[in-house]
Undergrad: 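Let me begin by handing over the structure; questions about it come next.
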Amino acid sequence: MHIAVCIKQVPDSAQIRVHPVTNTIMRQGVPTIINPYDLFALEEALRIKDETGARITVLTMGPPQAEEALRKCLSFGADDAILITDKVFSGADTLATSYVLAAALKALDAQDPLDLIFTGKQTIDGDTAQVGPGIAIRLGHQLLTYVSKIRELDPANRHIVVERRAEGGVQVLRSALPAVVTMLEGTNEIRFAGMPDMFRAARQELKRWNRDDIAADLTQVGLKGSPTVVAQVFGPKPKAIKALRIEGDTPEAIAEAFIDKLFTDFPQLEAALLEHLDQLGQQGVTQ
Amino acid sequence: MSDALDTAAKPIKKPKRVLPERFKSYKGVWVFIEHEHGHVHPVSWELLGKGRELADKLGVELAGVLMGGDGDEIRAITAEVGAHGTDLCYLAQHPVLHDYRNQSYTLGMTELVNTYQPEILLLGATTQGRDLAGSVATTLLTGLTADCTGLDIDPSDRSLLSSRPTFGGSLMCTIVNLATRPQMATVRPRVMPMPARDPARPARVVEHALQLDESAIVTKVLDFIPDARADKPQLPFADFIVSGGRGLGKPENFQLVAELARTLGAEVGASRPAVHAGWADAERQVGQSGKTVRPKLYIAAGISGAVQHRVGMEGADAIAGINLDPGAPLFDFANYALIGNVTELLPALDKAFARRLATARTQRAQAHEEADRGEV
Ligand SMILES: Cc1cc2nc3c(=O)[nH]c(=O)nc-3n(C[C@H](O)[C@H](O)[C@H](O)COP(=O)(O)OP(=O)(O)OC[C@H]3O[C@@H](n4cnc5c(N)ncnc54)[C@H](O)[C@@H]3O)c2cc1C
């Protein structure tokens, strides 16, 4: 069995600072991490490998520095890594990104047929959740999004049964391989890298693929292949009136003054609050 | 802040790309009507409210797009689609569409789009809407903007302007779709206000017979396990929310948030750092990567008001912030600034609210008693 995991290197958002005057991101020195959602996908693939001995190839489209993220995946136990990198790929929106990833997956499939393709449910930087569906459509594979559990996986009979998070519950779906699975967060926890894998990860040759390796149609990649563009960047609008500062010498005085003002400005609020509490009382709901 | 706002006032600069002739016939605004087990997701109605505004600006019709299995239950939804402000409702019923599945719904939606050619297609950013939107956009090779917090029309060329927060910065960006149609966008639940419902408003129903074949649909639904409603916080629909942020400093202090929330019968919310610190459950995160809320009252304790938090809660009727820093960005859009330490102000508020509510209850009881006596 051969599994591909698509990952992305993203800035560590916990460490991003916003410039107080210009409101822009200060990217300098911000460390990068593997998109945290992708780690759930990688760990799921690794568990399948533990059980079946499947081979795992991780792929990412990104700048040369993304090599670091791929090596990290190797240290967790992935077998192979491909960095899809070319300056014509930059500036891609989700449509152009899914084009490049799908083209690379086709090339990989031609070398070593793929049974399953994993992605995270979304990235923490773009937050779109569109690339997984895009890849599935472009490859003509079944799409299984927000998967919380793989119940059955039968490569010989080419079928898979998963639990998928829907709005009001969980859908249990039976589908066919090859499929594209986007993993829900919190479904597992990435393992610790073992010593042998860490040594291997540091030395192993990575494959670097460019436009020729994936036979890219240049009208479909990068900025050119992206129908959406950022036309404007702006600061959030402050309301016409700034917040009213509640005065008071003590916290108690501030609290009293606030409630007076609140119930004066929003006359229905006190009644609504009482009614709400009555209802809660009736239902016996506890916080 | 003023720098950024100056840029906002400048006209939008779009790179030049000409809309191909074949897209010029695309007209009308569509909203995907999402439903599951007989319930329409409220985000669909919210989108119809916004869609009405966009359609009026463009001088075109607003349509709901309803797909589902056979039967009157689905057909009955068309009346609600009308009541929420549409001119027409496209209805595609087929046994294959009984449950939501990516392949069948993608086939259905792309056929409808190719047949009737809308210029704008909006979907809820839910697990169903995002699953479908990404697939439909890729099939049609058109642009899709995820999780928009604002939608508008550029009168100069009738294009859709989709706004959303940029990554990391305290900035928003406007995204346009240059040369493809339809222009697609997803919007999260509770971002747009619920429009007024007018049950007398009719919508034309346009039935479309889809040629679908169950044997060609690979994925089968084996089961649906509904969530146990009670054990999930209903943050998006709560009327009263008390949220805590990094300013709480430690888990014990987060208890102060929970105590005030209990007094008010409010749901507990949290900023992302508070969730990351493990003080609150991920389900309780408010903001761009959490829940969007529209309560009557939102109290933010030790929360700075970063744009990613703001987009999740600025739809609240009344917002009060508790912060040491009078210059916190929250106060640019909150109603009330309570300046001081959360460890002092939260307990003070808790006591003051408890007292006030007790008094109000007693007064109400007395009033009832008097009224009763009057009746005798
Ligand atoms: C892609 C992306 C998505 C994100 N999504 C979200 C999201 O969904 N939700 C979210 O909340 N954030 C999100 N963020 C993070 C966001 O940018 C902010 O970092 C975050 O909202 C800040 O949380 P905070 O206000 O609790 O912390 P801070 O910004 O650190 O603010 C703490 C505040 O507490 C005040 N304070 C400190 N001590 C006290 C005290 N003793 N008494 C009173 N006040 C005190 C401080 O003055 C300060 O204003 C996202 C970021 C990115 C990059």
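Below, each value reflects all heavy atoms present in this structure, side chains not excepted, and no hydrogens, waters or symmetry copies. Residue numbering restarts at 1 for every chain, and letters A, B, ... go by the order of the sequence lines. Computed from a predicted model, the values in this text were never measured in an experiment.
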Undergrad: Kindly determine whether B/Arg356 and A/Glu270 satisfy side chain to side chain contact (heavy atoms under 4.5 Å, CB included), including the steps that lead there.
TA: CA-CA 9 Å; B/Arg356 184 70 61 109; A/Glu270 184 168 8; 4.1 Å; yes
Undergrad: Is B/Ala137 close to chain A through its backbone or its side chain, or both, or neither, when contacts mean heavy atoms under 4.5 Å?
TA: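 The backbone, not the side chain.
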Undergrad: Taking all non-hydrogen atoms of both residues, which atom of A/Tyr146 and which atom of B/Thr126 are closest, and how far apart?
TA: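 Closest pair (atom of A/Tyr146, atom of B/Thr126, distance): OH-O, 4.4 Å.
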Undergrad: Side chain, backbone, both or neither: which part of B/Asp131 has a non-hydrogen atom closer than 4.5 Å to chain A?
TA: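 Both backbone and side chain.
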Undergrad: Find out whether A/Leu144 and B/Thr219 are in side-chain contact, i.e. whether some heavy atom of one side chain is under 4.5 Å from a heavy atom of the other.
TA: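 Touching, per the 4.5 Å side-chain cut-off.
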Undergrad: Of all heavy-atom pairs between B/Thr138 and A/Leu95, which one has the smallest distance, and what is that distance?
TA: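 Where B/Thr138 meets A/Leu95 most closely, the heavy atoms are CA-CD1, 3.7 Å.
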Undergrad: Between B/Arg364 and A/Leu274, which heavy-atom pair has the shortest distance, and what is it?
TA: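 Heavy atoms only, the tightest pair is NH1-CB, 3.9 Å.
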Undergrad: Regarding A/Thr228 and B/Asn177, do their side chains bring together a donor and an acceptor under 3.5 Å, going by distance alone?
TA: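 No, no side-chain donor-acceptor pair sits under 3.5 Å.
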Undergrad: Check whether more than 12 heavy atoms from other residues, nucleotides or ligands sit under 6.0 Å from atom CG of A/Asp154, and answer yes or no.
TA: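 Yes, the 6.0 Å shell around CG holds more than 12 heavy atoms from other groups.
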Undergrad: So for A/Ser98, is it side chain, backbone, both, or neither that comes closer than 4.5 Å to the heavy atoms of chain B?
TA: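 For A/Ser98, the contact with chain B is made by the side chain alone.
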Undergrad: Using heavy-atom distances under 4.5 Å, tell me whether A/Ala253 contacts chain B through its side chain, its backbone, both, or neither.
TA: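 For A/Ala253, no heavy atom lies under 4.5 Å from chain B.
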Undergrad: Can you tell which part of A/Gln142 gets under 4.5 Å to a heavy atom of chain B, answering side chain, backbone, both or neither?
TA: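 For A/Gln142, side-chain heavy atoms alone lie under 4.5 Å from chain B.
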Undergrad: Answer yes when B/Asp227 and A/Arg165 have at least one side-chain N-carboxylate O distance shorter than 4.0 Å, and no when they do not.
TA: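 Salt bridge present between B/Asp227 and A/Arg165.
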Undergrad: Verify whether one side chain among A/Gln122 and B/Arg130 offers a donor that lies under 3.5 Å from an acceptor in the other.
TA: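 There is such a pair (donor and acceptor under 3.5 Å, judged by atom type) between the side chains of A/Gln122 and B/Arg130.
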Undergrad: Are A/Val161 and B/Leu222 packed together at the side-chain level, in the sense that at least one heavy-atom pair is separated by less than 4.5 angstrom?
TA: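 A/Val161 reaches B/Leu222 side chain to side chain.
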Undergrad: Pick whichever of A/Thr128, A/Leu273, A/Leu173 has the most heavy-atom pairs under 4.5 Å with chain B.
TA: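 Greatest number of close heavy-atom pairs with chain B: A/Leu273.
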Undergrad: Closest heavy-atom contact between B/Ala146 and A/Gln130?
TA: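 It is CB-NE2, 3.2 Å.
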Undergrad: I'd like to check B/Thr127 versus A/Thr145 (side-chain heavy atoms, cut-off strictly below 4.5 Å). Are they in contact?
TA: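 Contact flag for B/Thr127/A/Thr145 side chains = no.
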Undergrad: Below 4.5 Å, heavy-atom pairs only: which of B/Val311, B/Thr263, B/Ile339, B/Thr180 has the largest tally toward chain A?
TA: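 With the most close heavy-atom pairs to chain A, the winner is B/Ile339.
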Undergrad: Identify which of B/Leu144, B/Leu330, B/Asp350 forms the greatest number of heavy-atom pairs closer than 4.5 Å to chain A.
TA: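 Most heavy-atom pairs under 4.5 Å with chain A: B/Leu144.
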Undergrad: Determine whether B/Leu141 and A/Arg138 make a side-chain contact, defined as any pair of heavy atoms from C-beta on separated by less than 4.5 Å.
TA: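 Touching, per the 4.5 Å side-chain cut-off.
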Undergrad: Do B/Phe224 and A/Val170 have side chains that get closer than 4.5 Å, going by heavy atoms?
TA: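 No, every pair of side-chain atoms sits at 4.5 Å or beyond.
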Undergrad: A/Lys261 versus chain B, heavy atoms under 4.5 Å apart: side chain, backbone, both or neither?
TA: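 Its backbone and side chain both get close to chain B.
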Undergrad: Where does B/His37 contact chain A at under 4.5 Å (heavy atoms): side chain, backbone, both or neither?
TA: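 No part of B/His37 comes within 4.5 Å of chain A.
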Undergrad: Check whether any side-chain heavy atom of A/Leu277 lies under 4.5 Å from a side-chain heavy atom of B/Phe240, and answer yes or no.
TA: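 Answer no - side chains too far apart.
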Undergrad: Is any side-chain heavy atom of B/Asn335 closer than 4.5 Å to one of A/Asp265?
TA: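 No, side chains not in contact.
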Undergrad: Taking the side chain as every heavy atom from C-beta outward, state whether B/Ser289 and A/Ile124 have any pair of such atoms under 4.5 Å apart.
TA: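 No, too far: nothing below the 4.5 Å cut-off.
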Undergrad: Of the listed residues (A/Gln171, A/Glu185, A/Gln220), which shares the most heavy-atom pairs with chain B below a 4.5 Å separation?
TA: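 Heavy-atom pair counts peak at A/Gln171.
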Undergrad: I need the minimum non-hydrogen distance between B/Leu338 and A/Phe258, along with the two atoms involved.
TA: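 Of all heavy-atom pairs spanning B/Leu338 and A/Phe258, the closest is CD1-CD1, 3.8 Å.
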Undergrad: Out of A/Ala179, A/Ala257, A/Ala166, return the one with the most heavy atom pairs under 4.5 angstrom to chain B.
TA: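 Heavy-atom pairs under 4.5 Å are most numerous for A/Ala166.
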Undergrad: Heavy-atom cut-off 4.5 Å, strictly under: side chain, backbone, both or neither for A/Phe263 against chain B?
TA: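 For A/Phe263, side-chain heavy atoms alone lie under 4.5 Å from chain B.
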Undergrad: Measuring from atom NZ of A/Lys242 to atom CZ of B/Phe331, what distance do you get when rounded to the nearest 0.5 angstrom?
TA: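 With rounding to 0.5 Å, NZ (A/Lys242) is 9.0 Å from CZ (B/Phe331).
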Undergrad: Which one wins on heavy-atom pair count under 4.5 Å against chain A: B/Thr145, B/Leu264, B/Leu297?
TA: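 That would be B/Leu264.
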Undergrad: Between B/Gly143, B/Cys173, B/Ser162, which residue shows the highest count of heavy-atom pairs closer than 4.5 Å to chain A?
TA: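 Most heavy-atom pairs within the cutoff with chain A belong to B/Cys173.
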Undergrad: Checking heavy atoms, do the side chain of B/Pro347, its backbone, both or neither come under 4.5 Å from chain A?
TA: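 For B/Pro347, no heavy atom lies under 4.5 Å from chain A.
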Undergrad: Look at B/Ile322, B/Thr142, B/Thr106, B/Asp239 and state which one has the largest set of heavy-atom pairs under 4.5 Å with chain A.
TA: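 The option with the most such pairs is B/Thr142.
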Undergrad: Below 4.5 Å from any heavy atom of chain B, which atoms of A/Leu223 appear? Answer side chain, backbone, both or neither.
TA: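 Backbone of A/Leu223 only, per the 4.5 Å heavy-atom cut-off to chain B.
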Undergrad: Against chain A, label B/Glu344 side chain, backbone, both or neither, depending on which of its atoms sit under 4.5 Å from a heavy atom there.
TA: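 Looking at B/Glu344, backbone and side chain both touch chain A.
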Undergrad: How close do A/Ala255 and B/Ala352 get, counting heavy atoms only, and between which atoms?
TA: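 Scanning both residues, the minimum pair turns out to be CB-CB, 3.9 Å.
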Undergrad: Counting only non-hydrogen atoms closer than 4.5 Å, does B/Glu34 touch chain A with its backbone (N, CA, C, O), its side chain (CB onward), both, or neither?
TA: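 The side chain, not the backbone.
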Undergrad: State whether B/Arg355 and A/Glu256 are salt-bridged, where the test is any N-O pair (Lys NZ or Arg NE/NH1/NH2 against Asp/Glu carboxylate O) under 4.0 Å.
TA: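 Here B/Arg355 pairs with A/Glu256 in a salt bridge, since their nearest N and O are under 4.0 Å apart.
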Undergrad: Could you grab the distance from atom CD of B/Gln103 to atom CD1 of A/Ile137, nearest 0.5 Å is fine?
TA: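 Atom-to-atom, B/Gln103:CD and A/Ile137:CD1 are 8.5 Å apart.
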Undergrad: OH of B/Tyr336 to CD1 of A/Ile259: how many Å apart, nearest 0.5 Å?
TA: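 So the OH of B/Tyr336 and the CD1 of A/Ile259 are separated by 12.0 Å.
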Undergrad: With no hydrogens and no angle check, is any side-chain donor or acceptor of A/His276 less than 3.5 Å from a backbone partner on B/Gly265?
TA: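 It does hold such a pair.
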Undergrad: Please lay out, stage by stage, how B/Arg361 and A/Asp278 fare under the test side chain to side chain contact (heavy atoms under 4.5 Å, CB included).
TA: CA-CA 10 Å; B/Arg361 275 206 194 88; A/Asp278 287 348; 4.2 Å; yes
Undergrad: I'd like to know which of B/Gly129, B/Ala360, B/Gly340 tops the heavy-atom pair count under 4.5 Å against chain A.
TA: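 Among B/Gly129, B/Ala360, B/Gly340, the one with the most close pairs to chain A is B/Ala360.
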Undergrad: Rounded to the nearest 0.5 Å, how far apart are CD1 of B/Ile175 and OG of A/Ser226?
TA: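 Here the rounded value is 11.0 Å.
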Undergrad: Hey, which of A/Thr182, A/Val229, A/Val230, A/Ile246 has the most heavy atom pairs under 4.5 Å with chain B?
TA: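 Most pairs with chain B among the choices: A/Val229.
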Undergrad: Run A/Phe234 and B/Ser163 through side chain to side chain contact (heavy atoms under 4.5 Å, CB included) and show every step you take.
TA: CA-CA 10 Å; A/Phe234 59 99; B/Ser163 320; 4.1 Å; yes
Undergrad: Which answer fits A/Ala136, side chain, backbone, both or neither, if we ask what part of it has an atom under 4.5 Å from a heavy atom of chain B?
TA: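 Looking at A/Ala136, nothing touches chain B.
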Undergrad: Examine the side chains of B/Gln128 and A/Glu167 and answer whether a donor and an acceptor come within less than 3.5 Å of each other.
TA: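 The criterion, which ignores hydrogens and geometry beyond distance, is not satisfied for A/Glu167 and B/Gln128.
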Undergrad: Should we count NZ of A/Lys224 as having more than 12 external heavy atoms under 6.0 Å?
TA: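 Open: at most 12 neighbouring heavy atoms sit under 6.0 Å from NZ of A/Lys224.
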